[in-house]
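A quick write-up on the structure given underneath.
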Amino acid sequence: MSNDSNRNGLSYGLILLAMAAGIVLGMMMARNRFFNQYQEESALSYKVRETMDLIQRRYVDEIASDSLTDEMLNAMLNTLDPHSRYLSAEMMAKESEQLQGHFDGIGVVLRRCGDTSCVGQILEDGPAREAGLMPGDRIIWVDTLPVVERKTAADEVVKHIRGRRHSTVDLGIMRRGEEGIRHYKIKRDVVKTHTVNYAEMLDSRNGYIRISGFAEQTHKEFCEGVAKLKKKGMKRLIIDLRGNGGGLLEASLRIADELLPQGNMIVYTQGYHQRKTEVKSTSNGIYTEGDLIVLIDETSASASEVLAGAIQDNDRGVIMGRRSFGKGLVQGQFDLADGSALWLTTARYYTPSGRCIQKPYKDGYEEYFISNYQQALEESMHDSIDAQLADTTKYYTKNGRVVYGGGGIVPDKVIPLKKYNDILYYNQLSREAVMFDYAFEYVSRNVKQLMRQYKTAAAFEKQFVVTDRMIAEMVARGEKKGIGRNEKSLKAYSRLMKSMIKAYIGQSLFGDDLYYKLIIVEDDELQKALKY
């Protein structure tokens, strides 16, 4: 064998030896990392168990361990950001129900009346309406279980009323003006809940759709609403996202796809452990042409902001209202073995222009959630919203218009919050639910007469009148709650108060459609959108 062959053999041998040594070293390092990680996790687990044991054995009061664990997990997650949270198995069931858009029950909304749960509203397609329950009916027992006790909370009554589909619930009901207890056996069924609350024409050319949240059925309901409005001659669409705190991101993306021509960026997400993921519109849009206005306010958040941002950055429509909440964090759901789950922030979402609209949360949990109201009030005192921008970094829409990030979607056309002093009294009555409570009490006292006199929602809308005497009764109720009478505000807003009371009464008797039909007439912000 030649010297070259010997050298080559030696080189190969050294290479193989180095590879083997590298593999062994890598395995040793991996084992050490695993061992160190195992030690850290074991120490953490021991520390948590030790702390829990000390609390249970030594704390001054009795503590429920499950409750303590839930609180501990939420406290830990709150140190990360305001939206990562722990949900118990019971909370997960409620959240899933809301997102699915249906539940098994009889179709009533309960209200608390002193120590009794009352029927506040009867849902349109539920078994309770067919059975003959009425708003104001007081629930005395559920399946022979007495519930007329202060310790029986409304959510406990709901638990007893709900149950497996096609099973039967036995209710004992007291109705005002009647002696004795009525018995109702009602078969439970699927009860649908809607996130597209209202879809109607405002006039001969303007269609209006209100979306209160994003759930599994929202996209379907939206498309049905648009199709109905197009048949009625809609030339312009107003989408109302005020008060919409979000929900399923997928539902928001699908609605954006219905509004944007093919190939437009809707949103992209990115995180430390998640690579950049882009979502673009397809060719399936149901309303990709035609005028479009989107209404937002300080409580529009998350999936609402994704939709508004996509419309704004692609110059597809006009955003009107007030700066939105500013939630630009994406949560992933991670199920745990006992049916509970973690909602953990895994990424940030960015509008097509590159804006991350997540507002800062360094000042603490409470400040984060109340700052949007303070912001809306401050912005109402200035002529230009630009003066209130925390971040003046410029971003550009598809057509080159300047937009800003730094927290929330800034509207193209700002509708300031009404000056606080001008509407303080009305806001107090609204915040303390004085008008809402008065309307429900009125229904409870007069339900049989109302149902006889107004056979249909149309008849109620046309004929029912809120009198000055009713306003005086409502004001007296407010005074009992410590809200002093304000003559100036009463003069300025009595018409609005009458409209709201009529809408609440109509909602109890005939459902949400009538409620929204009655309040939009007095909705100043919506009227401004119509005139824009």
Side-chain angles (χ1 to χ4, degrees), residues 87-195 197 212-213 215-217 339 433 436-437 439-441 443-445 447-448 450-451 504-513 515:
L87 291 90
S88 65
E90 184 178 357
M91 292 170 65
M92 269 302 301
K94 289 182 180 178
E95 292 285 349
S96 298
E97 189 177 89
Q98 289 178 357
L99 295 176
Q100 288 168 357
H102 60 81
F103 62 90
D104 291 347
I106 64 172
V108 294
V109 178
L110 295 188
R111 294 209 50 212
R112 199 68 181 166
C113 306
D115 62 355
T116 311
S117 290
C118 297
V119 176
Q121 182 184 348
I122 300 171
L123 301 182
E124 185 176 354
D125 300 323
R129 183 174 291 276
E130 186 177 346
L133 289 186
M134 288 186 174
D137 284 347
R138 293 172 178 261
I139 300 174
I140 307 304
W141 74 67
V142 182
D143 291 332
T144 71
L145 176 72
V147 294
V148 188
E149 300 172 7
R150 290 190 180 276
K151 63 183 181 182
T152 309
D155 57 350
E156 285 296 315
V157 179
V158 170
K159 280 184 187 178
H160 292 303
I161 291 177
R162 290 191 184 182
R164 186 170 41 83
R165 192 180 312 175
H166 304 313
S167 62
T168 300
V169 61
D170 185 11
L171 298 181
I173 297 292
M174 285 192 69
R175 183 166 294 165
R176 191 184 291 245
E178 296 182 358
E179 294 184 2
I181 298 176
R182 285 173 168 254
H183 295 257
Y184 287 90
K185 283 189 176 292
I186 304 176
K187 184 180 287 188
R188 300 178 177 100
D189 206 340
V190 178
V191 179
K192 293 181 180 179
T193 57
H194 299 283
T195 49
N197 308 102
S212 61
E216 289 180 6
Q217 298 299 313
F436 182 80
D437 288 342
F440 179 69
E441 176 63 24
V443 171
S444 298
R445 290 197 316 262
V447 63
K448 288 197 284 189
L450 288 167
M451 296 300 284
Y504 288 137
I505 293 171
Q507 184 180 38
S508 286
L509 297 174
F510 297 104
D512 289 343
D513 264 12
Y515 170 80

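The residues of the chain are indexed from 1 along the displayed sequence.
Pairing each heavy atom of Phe440 with each of Cys113, the nearest pair is CE2-SG, 3.5 Å. Contact detail for Gly136 and Ser444: the closest heavy-atom pair is CA-OG, 3.5 Å. Shortest non-hydrogen contact noted between Ser508 and Gly120 is OG-O, 3.2 Å. Looking at every heavy atom in both residues, Met91 comes nearest to Leu87 through CB-CB, 4.1 Å. Pairing each heavy atom of Ile173 with each of Leu133, the nearest pair is CG1-CD2, 4.0 Å. Looking at every heavy atom in both residues, Thr168 comes nearest to Arg188 through O-NH1, 3.5 Å.
When side chains are defined from C-beta on, Lys448 counts as touching Glu178, because their heavy atoms get closer than 4.5 Å. No side-chain heavy atom of Arg164 sits under 4.5 Å from any side-chain heavy atom of Asp104. With contacts defined as side-chain heavy-atom distances shorter than 4.5 Å, the pair Arg176/Arg138 qualifies. Two residues are said to be in side-chain contact when any heavy atoms from C-beta on lie closer than 4.5 Å; Met174 and Asp137 fail this criterion. The shortest distance between side-chain heavy atoms of Val191 and Ile106 does not fall below 4.5 Å. In this structure the side chain of Leu110 reaches within 4.5 angstrom of the side chain of Ile139, judged on heavy atoms.
Within the model, atoms CD1 of Ile505 and CZ of Phe436 stand 11.5 Å from one another, a figure rounded to the nearest 0.5 Å. Rounding to the nearest 0.5 angstrom, the gap separating the CG atom in Leu123 from the NZ atom in Lys192 is 13.0 Å. Atom OG1 of Thr195 sits about 10.5 Å away from atom CD of Glu216, to the nearest 0.5 Å. From His160, atom NE2 reaches atom CG of Leu171 across 12.0 Å, with rounding to the nearest 0.5 Å. In this structure, the separation between CE on Met451 and CE on Met134 is 5.5 Å, given to the nearest 0.5 Å. Separating the CH2 atom in Trp141 from the NE2 atom in His183 is a distance of 4.0 Å, to the nearest 0.5 Å.
Side-chain contact of Arg111 with Ser117: a donor-acceptor pair under 3.5 Å is absent, judged by distance alone.
Salt bridge annotation for Glu130-Lys187: absent, with no cationic side-chain nitrogen under 4.0 angstrom from a carboxylate oxygen.
No donor-acceptor distance shorter than 3.5 angstrom exists from the side chain of Asp143 to the backbone of Val169, with no hydrogens or angles considered. When atom types are taken as modelled, the side chain of Arg129 and the backbone of Ile122 share a donor-acceptor pair closer than 3.5 angstrom.
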With side chain to side chain contact (heavy atoms under 4.5 Å, CB included) as the test, would you mind laying out the steps for Glu90 and Lys159 before giving the verdict? CA-CA 11 Å; Glu90 184 178 357; Lys159 280 184 187 178; 3.0 Å; yes
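Ring geometry for Tyr515 versus Tyr504: interplanar angle under 30°, hence parallel rather than tilted (30 to 60°).
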